[in-house]
Amino acid sequence: MRSIHIGMLGLGNVGQGVLRILAENGAAIQDRIAAEPVIGRVLVRDLAKARELEVDPALLTLDPDDILEDPDVRVVVELIGGIEPARTYVLRALEAGKHVVTANKALLAERGEELFAAAAARGLSIYFEGSVAGGIPVLRALREGLASDRIDRVIGIVNGTSNYILDAMSRTGASYEQALAAAQAAGFAEADPTLDVEGGDAAHKLALLTLVCVGVRVDPDQIHTDGITRVRPFDIRMAAELGYVIKSLAIGEFGDGRPRLRVHPTFVPRDHILAGVHGSYNAVEVSSRALGQSMYYGKGAGMMPTGVAVVSDIIEVCRDIVGFSEGGPPPGAFREVRALEPAPLDELECENYLCVHVPNVPGVLGKVASCLGRHGVSIKRMNQDTPGAGEPIDMVILTERTAEAKVRAALAELDTFDLSLMPSHRFRILESEAPAQAVDGGPR
């Protein structure tokens with residue numbers, strides 16, 4: 001049977017998962033591609049490091065040239081993470097005529113235009129299923145299963161750390177700090193969780209979802225991003241009383257112009273399918289013209305889930321090599337990636353949860369309501385706590401559907417009032433899902 005040699009850059013949790021899956025499912029994989037994927041060398045930083053998986057020491061190397069300059073290696077699997085040296089290694093692999101598989105969302109989101117162009121110039125493929133939502137095959141579903149459809153919107157819980165923290169706050173009443181500590185103790189959050197809790201990780205993933213959905217590259221730094229650090233137990237409690245749960249969502253809306261992209265904590269109706277995504281799980285809801293709504297759900301990270309996605313990509317690229325060995329692989333997606341700025345959010349309309357922190361004095365309600373009215377923000381519902389004498393009030397307001405620019409202007413003015421004790425804050429509210437519509441013309 002034909003062998004296809006593979007070099008791996010990195011042997012962390014995901015890399016060990018890849019080796020384990022190839023070893024355990026090797027026979028079935030060989031049957032599926034009519035070839036044997038063989039791991040040649042694996043680049044590591046420490047030859048003596050203790051690892052969960054027992055690996056033949058002869059496979060390990062400290063020198064990337066053992067992989068990048070080996071003419072027998074046809075596929076390079078990059079699992080280092082970050083931008084450098086991963087970018088340099090991937091470019092060198094492509095220059096040497098090697099296909100690339102990666103799970104590096106930051107690299108592709110920030111340098112994808114350069115890398116895809118380099119691959120296209122040489123008739124090579126870059127596969128990256130493991131870069132978004134771990135083991136959930138959402139990118140493959142978008143790229144292949146929905147290739148004939150037009151995608152209007154994606155809404156996703158794509159960062160397991162943020163979802164774990166918000167879910168713990170909702171279930172136990174813990175503060176953000178307590179829930180973060182629990183996530184770190186359970187291994188779901190890094191010692192420095194900034195990229196996850198401030199929304200940067202989700203923005204990278206949303207940029208890749210946008211690339212696959214509509215074929216354009218957006219700079220993750222241009223995606224509107226809010227983190228979860230300002231979510232308080234009070235907000236969690238108010239959400240529950242009003243019939244919502246708070247989730248950090250990545251939302252992409254694709255019309256005829258520029259995509260509208262955002263990452264932020266959101267009030268999600270309790271009956272919405274995303275409200276039931278717990279712990280570190282990920283889920284992506286896709287709305288497309290012909291199919292309607294479809295849902296992709298599963299573990300968003302970890303050794304084996306992400307390892308499954310990476311090995312699936314290895315299988316696909318090996319199929320390309322076997323099936324097109326005479327003339328090179330067929331032209332793949334993203335041969336020419338057009339860069340595009342996301343649309344501004346000024347005209348985005350949604351209902352909002354506002355929390356205004358004010359002293360408990362006569363006339364304060366009227367002053368807040370007058371400010372909102374001046375900016376065209378209509379009040380749908382208002383709640384406030386009942387503090388003791390002299391204690392400040394957390395005034396909670398639900399608005400009608402209002403343009404983003406009007407809400408921002410109203411909040412900016414509220415925060416200039418002498419009555420404001422601390423900055424106001426708000427969360428956007430996700431609309432309830434429409435009931436399924438009957439399709440006419442079927443059997444009667």
Inset, instruction - Verify the distance criterion only: is there a donor paired with an acceptor across the side chains of Asp415 and Ser424 at less than 3.5 Å? - result: yes

Legend entry - Between Ser162 and Tyr164: side-chain donor-acceptor atoms closer than 3.5 Å: no

Legend entry - CA sep, side-chain torsions, deciding dist, call: Val76, Tyr89, side-chain contact (heavy atoms from CB on, under 4.5 Å): CA-CA 9 Å; Val76 170; Tyr89 291 162; over 6 Å; no

Legend entry - Exam field: side chain Arg260 to backbone Pro344, donor-acceptor pair closer than 3.5 Å: no

Inset, instruction - Determine the interplanar angle of the His264 and His224 rings, folded into 0 to 90°, and report it as parallel if under 30°, tilted if 30 to 60°, perpendicular if over 60°. - result: perpendicular

Legend entry - Lys98 side-chain N/O to Val73 backbone N/O, donor-acceptor pair under 3.5 Å: yes

Inset, instruction - Give a yes or no answer on whether the side chain of Thr399 reaches the backbone of Ile379 with a donor-acceptor pair at less than 3.5 Å. - result: no

Legend entry - Criterion side-chain contact (heavy atoms from CB on, under 4.5 Å) on Lys299 and Tyr281, from CA distance to verdict: CA-CA 5 Å; Lys299 292 184 177 180; Tyr281 276 73; 3.4 Å; yes

Legend entry - Which atom of Asp235 lies closest to which atom of Tyr353, heavy atoms considered: OD1-OH, 2.7 Å

Legend entry - Heavy-atom closest pair, residues Leu261 and Val218: CD1-CG2, 3.6 Å

Inset, instruction - Give the minimum heavy-atom separation between Val158 and Asn282, together with the two atoms involved. - result: O-OD1, 3.2 Å

Legend entry - Shortest non-hydrogen separation from Asn104 to Thr102 and the atoms involved: N-OG1, 3.0 Å

Inset, instruction - Assign the ring pair Phe267 / Tyr244 to parallel, tilted or perpendicular, where the plane angle (0 to 90°) is split at 30° and 60°. - result: tilted

Legend entry - Gln178 (side chain) donor-acceptor with Ser175 (main chain) under 3.5 angstrom: yes

Legend entry - Polar side-chain atom of Thr172 near backbone of Met169 as donor-acceptor pair, under 3.5 Å: no

Legend entry - Side-chain (Asp196) to main-chain (Thr161) donor-acceptor, under 3.5 angstrom: no

Inset, instruction - Taking atom CZ of Arg426 as the centre, report whether more than 12 heavy atoms of other residues, nucleotides or ligands fall under 6.0 Å from it. - result: yes

Legend entry - Electrostatic pair Asp346-Arg408, nearest N-O below 4.0 angstrom: yes

Legend entry - Heavy-atom pair with the smallest gap, counting every atom of Pro259 and Thr210: CG-CG2, 4.2 Å

Legend entry - Backbone N/O of Met303 and side chain of Thr306: donor-acceptor pair under 3.5 Å: no

Inset, instruction - For the pair Asp313 (side chain) and Glu129 (backbone), establish whether a donor and an acceptor sit closer than 3.5 Å, ignoring hydrogens and angles. - result: yes

Inset, instruction - Begin from the C-alpha positions of Phe427 and Val231 and carry the test side-chain contact (heavy atoms from CB on, under 4.5 Å) through to its verdict. - result: CA-CA 9 Å; Phe427 300 106; Val231 178; 3.8 Å; yes

Inset, instruction - Measure the shortest side-chain to side-chain distance between Ile4 and Glu36 over non-hydrogen atoms and say whether it is less than 4.5 angstrom. - result: no

Inset, instruction - Determine the minimum heavy-atom distance between Ser131 and Leu139, stating which atoms define it. - result: OG-CD1, 3.9 Å

Inset, instruction - Report the C-alpha distance between Asp394 and His357 in whole Å, list the side-chain angles of each, state the deciding distance to 0.1 Å, and finish with yes or no for side chain to side chain donor-acceptor pair (under 3.5 Å). - result: CA-CA 5 Å; Asp394 277 325; His357 314 284; 2.5 Å; yes

Legend entry - Pairwise distance NE2(His204) to CG(Leu195) - rounded to 0.5 angstrom: 6.5 Å

Inset, instruction - Indicate yes or no: does Glu413 engage Arg374 in a salt bridge with an N to O separation below 4.0 Å. - result: yes

Legend entry - salt_bridge(Glu78, Arg92) N-O dist < 4.0 Å: no

Inset, instruction - Tell me, yes or no, whether the heavy-atom count around Glu241 atom CD, taken from other residues, nucleotides or ligands under 6.0 Å, exceeds 12. - result: yes

Inset, instruction - Please indicate whether Glu190 has more than 12 foreign heavy atoms, meaning atoms of other residues, nucleotides or ligands, lying under 6.0 Å from its CD. - result: no

Legend entry - From CA spacing to verdict: salt bridge (charged side-chain N to carboxylate O under 4.0 Å, His left out), Arg232, Glu177: CA-CA 10 Å; Arg232 304 171 303 152; Glu177 291 77 14; over 6 Å; no

Inset, instruction - Decide yes or no on salt bridge (charged side-chain N to carboxylate O under 4.0 Å, His left out) for Glu114 and Arg87, but give the supporting numbers first. - result: CA-CA 10 Å; Glu114 174 188 22; Arg87 168 187 165 274; 2.9 Å; yes

Legend entry - Test side chain to side chain contact (heavy atoms under 4.5 Å, CB included) applied to Arg428 and Leu348, Ile251, Leu249, the passing residue: Leu348

Legend entry - Any donor-acceptor N or O pair under 3.5 Å, side chains Glu84, Thr88: yes

Legend entry - His375 backbone acceptor or donor facing Lys406 side chain under 3.5 Å: no

Inset, instruction - Spell out, as yes or no, whether a donor-acceptor pair under 3.5 Å connects the side chain of His272 to the backbone of Ser432. - result: no

Inset, instruction - Please assess Ser248 against Leu166 for the test side-chain contact (heavy atoms from CB on, under 4.5 Å), listing each intermediate value before the final yes or no. - result: CA-CA 8 Å; Ser248 181; Leu166 291 175; 4.1 Å; yes

